[in-house]
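Proteins come first, then strands; the chains are lettered A, B, ... in the order of their sequence lines, and each starts at number 1.
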Amino acid sequence: MAPRGSGSNATGDAVAELADRDSFAAVVRREIAPLLATARRLADSEADAKDCVQEAFLRAYRSRHQFEGKSKISTWLHRIVVNVALERVRKKSQRPEESLDGLQPTFDSRDCRIEPRRPPPPEAHTLLERSETRAAVRDAIAHLPEQYRRVVIMRDIEGRTTAETAADLGLTENATKVRLHRARAALKRLLEPSMGVIRTEGDDR
Amino acid sequence: MMTCKDVERFLDDYLAESLPWGTRLKFELHVRMCRDCGPYIARYRRAIELGQKLLGEQEDAPATDAVPDALVDVILKSLDDD
């Protein structure tokens with residue numbers, strides 16, 4: 001068996017791997033375990049995770065001709081399963097997207113930060129041991145307005161550069177940076193309750 | 001001397017380690033002296049990490065997890081039915 005995301009993924013080979021049903025079936029077998037692991041982190045149940053993976057592969061199969069081989073197949077499939085999982089979160093909750101305006105940092109007339117005093121947050125891996133925190137992170141990203149969510153996923157989750165993200169979204173690099181910053185600031189605010197906020201006297205200045 | 005608002009403006013470039021060294025020094029000097037910016041940045045950074053760890057591709061994920069054959073069969077059937 002070829003190693004995962006192998007490199008077979010030189011562009012032509014990767015595209016060929018998706019060319020027909022039989023070669024796609026081999027991709028399903030090779031990639032399904034890590035994709036299911038991703039779906040399990042994002043889904044509410046095992047059944048939900050499996051549904052996500054099934055839908056992701058179906059979408060990938062339908063859109064396989066659009067895969068240009070610019071990324072590894074594993075990365076392309078990962079993006080699809082994340083998008084499927086976040087879509088399902090939005091559909092289930094029926095909550096509207098967050099408005100980011102009220103979630104931005106504030107400053108006083110001397111440009112000093114107005115920020116409640118808080119203890120240092122625990123490490124991310126410690127925080128993510130709690131299922132409530134995992135759900136909070138997932139829900140916060142799922143409910144970002146689409147134009148912000150796409151930037152966060154491309155920059156922070158997929159690790160693409162500002163230039164790549166800007167080109168893909170048809171934005172200037174500066175607009176991409178502004179969107180990323182607003183989204184990150186909003187996520188910080190939304191996730192604060194999951195970081196062990198302890199309110200003490202004097203926090204309300 | 002930078003203000004907290006300046007720090008906010010330069011924050012992503014600082015985290016990406018792309019600030020010119022002179023700006024970085026001013027940035028770090030402010031953060032050392034400001035009682036609000038350090039904790040703010042720690043939480044801002046943690047929010048990014050939480051998203052990355054939960055949603056990111058796990059490069060170190062074991063590639064040897066058992067293949068769930070029943071699910072593979074369901075998926076392949078759905079491809080055939082599509």
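Put simply, of A/Thr133, A/Leu58, A/Val178, the one with the most heavy-atom pairs under 4.5 Å next to chain B is A/Leu58. Interface check for chain B: of the options A/Ala136, A/Pro105, A/Ala25, the most heavy-atom pairs under 4.5 Å are formed by A/Pro105. Most heavy-atom pairs under 4.5 Å with chain B: of the set A/Glu123, A/Arg110, A/Arg138, A/Lys50, this distinction falls to A/Glu123. Your options are A/Phe107, A/Tyr61, A/Phe24, and the one with the most heavy-atom pairs under 4.5 Å with chain B is A/Phe107. Considering only heavy-atom pairs separated by less than 4.5 Å from chain A, the leading option among B/Asp69, B/Leu71, B/Leu54, B/Leu76 is B/Leu54. Among A/Thr38, A/Leu128, A/Val82, the residue with the largest count of heavy-atom pairs under 4.5 Å with chain B is A/Leu128.
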Starting from the C-alpha separation in whole Å, work towards a yes-or-no answer on side-chain contact (heavy atoms from CB on, under 4.5 Å) for A/His181 and B/Glu8.
CA-CA 9 Å; A/His181 185 69; B/Glu8 189 71 34; 2.7 Å; yes

May I have the step-by-step check of side-chain contact (heavy atoms from CB on, under 4.5 Å) for A/Gln54 and B/Val74, ending in yes or no?
CA-CA 8 Å; A/Gln54 183 179 350; B/Val74 170; 3.5 Å; yes

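When side chains are defined from C-beta on, A/Lys188 does not count as touching B/Ile48, because their heavy atoms never get closer than 4.5 Å. Contact annotation: the side chain of A/Asp111 never approaches that of B/Cys4 to less than 4.5 Å [non-hydrogen atoms, C-beta and beyond]. Here the side chains of B/Asp13 and A/Lys177 are in contact, with some heavy-atom distance below 4.5 Å.
Judged purely by atom type and a 3.5 angstrom limit, A/Arg113 has no side-chain atom pairing as donor or acceptor with the backbone of B/Thr3. Put simply, the side chain of A/His78 gets close to the backbone of B/Leu55: a donor and an acceptor are under 3.5 Å apart. Side-chain N or O atoms of A/Arg118 include none that pairs as donor or acceptor with a backbone N or O of B/Pro39 at under 3.5 Å.
Between B/Val67 and A/Arg29 the shortest heavy-atom distance is CG2-O, 3.7 Å. Shown here for A/Leu36 and B/Pro68, the closest heavy-atom pair between the two residues is CD2-CG, 3.9 Å. In terms of heavy atoms, A/Pro120 sits closest to B/Arg43 at C-NH2, 4.3 Å. Looking at every heavy atom in both residues, A/Ala185 comes nearest to B/Tyr40 through CB-OH, 4.1 Å. Nearest heavy-atom pair across B/Arg46 and A/Leu127 is CG-CD1, 3.9 Å.
Taking CG of A/Leu190 as the reference point, atom CG of B/Leu50 lies at 12.0 Å (rounded to 0.5 Å). B/Leu11 contributes atom CG, which lies 8.0 Å from atom CZ of A/Arg184 (distance to the nearest 0.5 angstrom).
A/Lys92 NZ: more than 12 foreign heavy atoms inside a 6.0 Å radius. Crowding of B/Glu17 atom CD: a count of heavy atoms from other residues, nucleotides or ligands under 6.0 Å not exceeding 12.
The pair B/Glu57-A/Arg79 fails the salt-bridge criterion, with no side-chain N (NZ, NE, NH1 or NH2) lying under 4.0 Å from an Asp/Glu carboxylate O. Checked for salt-bridge contact, B/Asp80 and A/Arg21 meet the test: a charged N lies under 4.0 Å from a carboxylate O.
When heavy atoms are compared at a cutoff of 4.5 Å, A/Leu86 approaches chain B solely by way of its side chain, counted from C-beta outward. B/Asp6 does not touch chain A: none of its heavy atoms, backbone or side chain, sits under 4.5 Å away. Residue contact with chain A, scored on non-hydrogen atoms closer than 4.5 Å, is absent for B/Cys34. Looking at B/Asp81, neither its backbone nor its side chain comes within 4.5 Å of chain A, counting heavy atoms on both sides.
The contact list for residues 146-162 of chain A toward chain B, using heavy atoms and a distance under 4.5 Å, reads A/Asp156, A/Ile157 by residue number.
For A/His125 and B/Glu49, the side-chain atoms include no donor-acceptor pair closer than 3.5 Å.
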